[in-house]
Asker: 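Here it is, the structure in full.
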Amino acid sequence: ARASTRDSASTIRTNATDVAAERASGSDVAAFLDPQPAGGSGRLCPAMNLQSDDFELFGVPRRFAQDAAVLDARWKELQREAHPDRYSAQGTAAQRVAMQWSVRINEAYNRLRDPLRRAAYLCELAGASINAHSNTAMPTAFLMQQMQWREALEEAADTETLEALADRVAQSRRETLASCGQAIDVAHDFPLAVEQVRALMFIERFAAEVEARIDAVHEAAGGQGRGQ
């Protein structure tokens with residue numbers, strides 16, 4: 001089984017637009033904007049820097065455990081600062097820089113908000129690559145569990161059985177996420193965290209298959225009801 005972590009685990013390497021590059025030196029693209037943009041005070045988040053990782057950008061600790069409410073509030077704050085309309089008086093170049101930052105903020109938010117993507121990102125930042133494309137080896141016990149789940153999915157003939165399977169998969173996901181957080185935040189064992197991340201990728205893909213099967217059973221039942 002293969003799953004891509006290109007979006008979830010790759011370190012952001014956002015490049016400035018050509019116009020911004022001509023007007024700003026180094027990686028601090030935010031410094032290009034005027035100190036008093038239209039509609040607000042202060043330049044576009046002076047601390048924002050293209051070399052900052054997602055955690056630095058959002059001003060949160062570089063760890064797996066995160067407060068969703070804090071991330072949501074910070075995302076709204078950053079998006080207000082980066083809204084292109086605030087820089088309309090400075091011309092299209094300034095608005096293009098602001099738009100670039102808006103995209104960068106959304107990318108960071110989506111990655112930090114998703115536990116699997118956040119864990120993969122932390123592993124990459126620590127130099128522990130997920131290598132989902134080239135390394136699909138998993139512990140024997142985990143592979144046996146996957147085989148049992150797949151057999152159960154193939155044999156399931158009703159919604160009740162499928163939902164029970166979905167509950168078991170969801171419980172396994174919660175337990176694996178907890179183990180992954182422990183490996184990252186407490187043990188700082190990133191090789192182990194990589195193994196947990198790859199297990200989560202298998203689990204989430206299988207969970208999606210179960211949900212798709214449940215939907216198909218519901219649709220089939222609805223069709224039979226209409227046909228009678």
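We number each residue from 1, following the sequence as shown. If you're wondering where the values come from, they're calculated on a predicted model, not measured in any experiment.
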Asker: Do S102 and H83 have side-chain heavy atoms sitting under 4.5 Å apart?
Answerer: no
Asker: Atom CD in E155, atom CZ in R150: separation rounded to 0.5 Å?
Answerer: 13.0 Å
Asker: Is W101 reachable from L71 through a run of I, L, V, M, F, W or Y residues, each pair having side-chain heavy atoms under 4.5 Å apart?
Answerer: yes
Asker: Please report the C-alpha distance between I105 and F58 in whole Å, then the side-chain angles of each, then the deciding distance to 0.1 Å, and finally whether the side-chain contact (heavy atoms from CB on, under 4.5 Å) criterion is met.
Answerer: CA-CA 8 Å; I105 291 163; F58 271 67; 4.2 Å; yes
Asker: To the nearest 0.5 Å, tell me how far C180 SG sits from E175 CD.
Answerer: 14.0 Å
Asker: Any side-chain heavy atom of R117 sitting closer than 4.5 Å to one from N110?
Answerer: yes
Asker: I'd like to check D158 versus V217 (side-chain heavy atoms, cut-off strictly below 4.5 Å). Are they in contact?
Answerer: no
Asker: How are the rings of F202 and F142 set to each other: parallel, tilted or perpendicular (split at 30° and 60°)?
Answerer: perpendicular
Asker: Taking all non-hydrogen atoms of both residues into account, name the closest pair between P115 and F64 and its distance.
Answerer: O-CE1, 3.3 Å
Asker: Is there a chain of hydrophobic side chains (I, L, V, M, F, W, Y, each step under 4.5 Å between heavy atoms) that links V186 to V197?
Answerer: no
Asker: I need the M147 CE to E151 CD distance, nearest 0.5 Å.
Answerer: 6.0 Å
Asker: Starting from L143, can I reach F206 by hopping between I/L/V/M/F/W/Y residues whose side chains sit under 4.5 Å apart?
Answerer: yes
Asker: Determine whether L153 and W149 fall in the same hydrophobic cluster, where Ile, Leu, Val, Met, Phe, Trp and Tyr are linked whenever their side-chain heavy atoms lie under 4.5 Å apart.
Answerer: yes
Asker: Distance from S52 atom OG to L57 atom CG, nearest 0.5 Å?
Answerer: 6.5 Å
Asker: Considering all heavy atoms of both residues, which atom of E195 and which atom of M138 are nearest to each other, and what is their separation?
Answerer: O-CE, 4.0 Å
Asker: Whether the side chain of T161 engages the backbone of A157 through a donor-acceptor N/O pair (distance < 3.5 Å, no angle test) should be reported.
Answerer: no
Asker: side-chain hydrogen bond (donor to acceptor under 3.5 Å, both in side chains), that's the test. Do D189 and Q182 meet it? Break it down for me.
Answerer: CA-CA 9 Å; D189 186 342; Q182 180 81 7; over 6 Å; no
Asker: Taking atom types as modelled, is there a side-chain donor on S88 or D85 under 3.5 Å from an acceptor on the other?
Answerer: no
Asker: Mind running side-chain hydrogen bond (donor to acceptor under 3.5 Å, both in side chains) on Q171 and R174 for me, showing each step along the way?
Answerer: CA-CA 5 Å; Q171 178 62 29; R174 287 191 292 270; 2.6 Å; yes
Asker: Just verifying a value: how many Å separate I203 CD1 and Q145 CD, rounded to the nearest 0.5 Å?
Answerer: 6.0 Å
Asker: Please name the pair of heavy atoms, one in C123 and one in A193, separated by the smallest distance, quoted to 0.1 Å.
Answerer: SG-CB, 3.7 Å
Asker: Test salt bridge (charged side-chain N to carboxylate O under 4.0 Å, His left out) on E77 and R74; report intermediate values, then the result.
Answerer: CA-CA 5 Å; E77 177 185 347; R74 182 61 175 152; 3.0 Å; yes
Asker: Would you mind reporting whether E211 and L162 have side-chain heavy atoms less than 4.5 Å apart?
Answerer: no
Asker: Heavy atoms, side chains only, cut-off 4.5 Å: are Y109 and D72 in contact?
Answerer: yes
Asker: Search all heavy atoms of Q95 against all heavy atoms of Y87 and return the closest pair with its distance.
Answerer: CG-O, 3.7 Å
Asker: Sub-3.5 Å donor-acceptor pair from the side chain of E204 to the main-chain atoms of L116, do we have one?
Answerer: no
Asker: State, to 0.1 Å, how close Q196 and T176 come at their nearest heavy-atom pair, and which atoms those are.
Answerer: OE1-CG2, 3.2 Å
Asker: Could you go through R80 and R86, starting from their C-alpha distance and side-chain angles, then the distance that decides it, and tell me whether this counts as side-chain contact (heavy atoms from CB on, under 4.5 Å)?
Answerer: CA-CA 9 Å; R80 282 195 299 269; R86 297 189 65 201; 5.7 Å; no
Asker: Which distance, rounded to the nearest 0.5 Å, do you find between the CZ of R62 and the CG of L125?
Answerer: 5.0 Å
Asker: For the pair R118 and D54, find out whether any cationic side-chain nitrogen is under 4.0 Å from an anionic carboxylate oxygen.
Answerer: no
Asker: Take F55 and Q66 through the test side-chain contact (heavy atoms from CB on, under 4.5 Å) and record every step on the way to the result.
Answerer: CA-CA 10 Å; F55 300 93; Q66 296 292 333; 3.6 Å; yes
Asker: Would a distance-only check, ignoring hydrogens and angles, find a side-chain to backbone donor-acceptor pair under 3.5 Å from E56 to D53?
Answerer: yes
Asker: Taking the side chain as everything from C-beta on, heavy atoms only, tell me whether L112 gets closer than 4.5 Å to W75.
Answerer: no
Asker: If every non-hydrogen atom of L122 is compared with every non-hydrogen atom of F190, which pair is closest and at what distance?
Answerer: O-CE2, 3.8 Å
